[in-house]
Amino acid sequence: MLVVMQEGASEAQIQGVIDRLVSLNFTVHRSTGVLHTVLGGVGPADSFDPADFEALDGVKECHRIVSAYKLASRHFKPGGTIVKVKGVEIGGKNVVVMAGPCSVENQDQINRAADIVAEAGATVIRGGAFKPRSSPYSFQGLGEEGLKMMREAADRNGLLVISEVMDQTQIPLMAAYTDILQIGARNMQNFNLLKVLAKLRMPVLLKRGIAATVEELLLSAEYVMAGGNYEVILCERGIRTFETYTRNTMDVSAIPVVKKLSHLPIVADPSHGTGRRDLVLPMARASVAAGADGLLLEVHHDPDHALSDGAQTLRPEQFSELMQQSRIIASAVGRTL
Ligand code: PEP
Ligand code: MN
């Protein structure tokens with residue numbers, strides 16, 4: 001349930017409601033908005049009457065939340081969430097670009113990638129050190145060595161680092177070298193991993209599962225938030241459909257759907273969303289037009305020799321073209337990029 005406090009409600013009034021919720025065995029999640037404080041109570045669904053809460057001092061209104069996800073619901077934070085990472089805001093007016101190779105391959109490759117993406121205006125470098133590959137014989141990533149290389153390349157260019165964590169045992173290592181933890185599509189419903197991420201106080205980018213509905217994506221976000229980690233960024237990366245021309249079907253409509261249902265920022269990944277580099281630019285434009293808060297893109301100095309996902313990886317000049325065109329779209333929809 002959600003209790004919306006009146007504008008200017010005092011701390012004592014807010015605490016009074018929190019105490020009441022706790023006494024009824026609710027776990028309380030607080031969202032302090034510009035105008036209203038919202039208290040989310042997760043607990044016994046039917047054993048309360050919203051009218052009892054509306055009678056408490058300082059309460060504006062109380063609602064029973066019918067959706068399965070509550071903390072991820074737009075009602076919990078009507079103004080939207082901005083995830084702040086070392087001065088970079090994801091979910092604000094600016095569309096944040098996270099770009100780099102699918103995998104970190106060696107120091108020279110990741111240095112070049114960092115130079116290319118920083119020069120064109122990206123603020124975050126991406127690159128996998130632990131790779132979820134369909135075949136056990138494909139390149140599996142460089143592990144810690146790759147993370148070190150990426151951190152060095154990022155720091156030389158003032159970039160943040162995002163990289164995928166596949167397993168909870170990798171978290172301490174990942175936390176030492178990265179700024180945002182990416183949870184891959186294959187792990188969106190790894191509930192044990194999500195419960196561990198919930199205990200961190202570090203931003204998590206949660207990719208939509210290959211065959212996941214938007215509701216399932218929001219429920220996975222709820223797992224992370226239920227443990228008190230509210231720094232969740234969602235990512236549309238295409239879903240599997242009967243279409244075979246593209247690697248996945250980029251569900252651009254999921255962007256406004258998520259915006260309507262949730263307060264969390266959503267980023268678009270047209271690289272995995274299409275699997276073809278000629279489609280990445282138009283789908284990036286479409287994503288920005290649809291309201292994406294960021295773009296996650298694969299870029300390599302020589303994609304034809306990339307160790308993974310070369311076919312969907314942009315060449316440097318294609319990336320700068322994408323940045324220029326996406327800026328025009330961003331300004332047309334009242335954003336910057
Ligand atoms: C990736 O970002 O390189 C990746 C493996 O993505 P996904 O989990 O969306 O397949
Ligand atoms: Mn990839």
Side-chain angles (χ1 to χ4, degrees), residues 96-105 109-110 113 117 122 124-136 138-143 146-147 150 160-167 170 174 178-190 193-194 197 203-214 216-217 220-221 232-241 246-252 254-255 258 266-277 279-280 283-284 287 292 294-315 319:
V96 173
V97 177
M98 311 177 183
C102 179
S103 307
V104 182
E105 298 168 5
Q109 172 249 15
I110 196 70
V117 304
V124 184
I125 185 164
R126 63 144 291 148
F130 297 101
K131 294 303 301 177
R133 305 305 303 280
S134 300
S135 162
S138 302
F139 176 60
Q140 303 285 310
L142 296 181
L147 292 172
M150 186 157 54
L160 300 183
V161 170
I162 181 170
S163 194
E164 174 166 357
V165 55
M166 285 174 59
D167 182 275
Q170 297 161 351
M174 297 293 300
T178 69
D179 301 297
I180 305 172
L181 296 177
Q182 174 175 319
I183 310 308
R186 290 153 196 83
N187 265 323
M188 188 202 85
Q189 288 191 314
N190 180 341
L193 177 59
L194 297 179
L197 296 168
V204 167
L205 180 138
L206 186 61
K207 287 189 143 196
R208 182 179 181 181
I210 287 169
T213 63
V214 168
E216 287 164 340
L217 173 63
S220 290
V232 180
I233 304 155
L234 303 171
C235 177
E236 166 58 39
R237 49 78 74 206
I239 48 174
R240 189 162 286 181
T241 69
T246 44
R247 179 180 180 185
N248 291 294
T249 297
M250 180 76 193
D251 182 8
V252 178
I255 297 165
V258 163
I266 177 153
V267 161
D269 173 354
S271 303
H272 294 87
T274 62
R276 296 176 46 126
R277 76 168 72 90
L279 298 177
V280 173
M283 286 296 103
S287 300
L295 294 171
L296 184 64
L297 298 158
E298 289 186 339
V299 180
H300 192 291
H301 71 277
D302 180 12
D304 297 332
H305 294 99
L307 293 184
S308 57
D309 284 352
Q312 67 193 31
T313 298
L314 297 171
R315 304 183 196 288
F319 179 62

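When a ligand or atom number is given, it counts from 1 through the structure's own listing order.
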Is a donor from one side chain sitting under 3.5 angstrom from an acceptor on the other, for [X] and [Y]?
| X | Y | value |
| --- | --- | --- |
| S163 | T178 | no |
| Q312 | R247 | yes |
| H272 | D309 | yes |

If I apply the N/O under 3.5 Å rule, does [X] come out as touching ligand 1?
| X | value |
| --- | --- |
| D269 | no |
| A185 | yes |
| D309 | no |

Can you name the atoms of ligand 1, numbered from 1 with element, that are less than 4.0 Å from a heavy atom of [X]?
| X | result |
| --- | --- |
| C102 | 3 (O) |
| K131 | 1 (C), 3 (O) |
| G184 | 8 (O) |

Whether G128 lies under 4.0 Å from ligand 1, heavy atom: no
4.0 Å heavy-atom contact, R208 with ligand 1: no
Tell me, which protein residue and heavy-atom name are nearest [atom], and how many Å apart are they?
| atom | answer |
| --- | --- |
| atom 4 (C) of ligand 1 | H272 NE2, 3.4 Å |
| atom 6 (O) of ligand 1 | K207 NZ, 2.8 Å |
| atom 5 (C) of ligand 1 | E164 OE1, 3.7 Å |

Metal environment of the Mn ion (ligand 2), protein N/O/S under 2.8 Å: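 You should have found C102 SG, H272 NE2, E298 OE2, D309 OD2.
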For atom 10 (O) of ligand 1, the option (of E298, R237, M98) bearing the nearest heavy atom: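 Ranked by closest heavy atom to atom 10 (O) of ligand 1, first place is R237.
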Derivation of the side chain to side chain contact (heavy atoms under 4.5 Å, CB included) call for C235 and Q182: CA-CA 10 Å; C235 177; Q182 174 175 319; over 6 Å; no
From CA spacing to verdict: side chain to side chain contact (heavy atoms under 4.5 Å, CB included), L142, F130: CA-CA 7 Å; L142 296 181; F130 297 101; over 6 Å; no
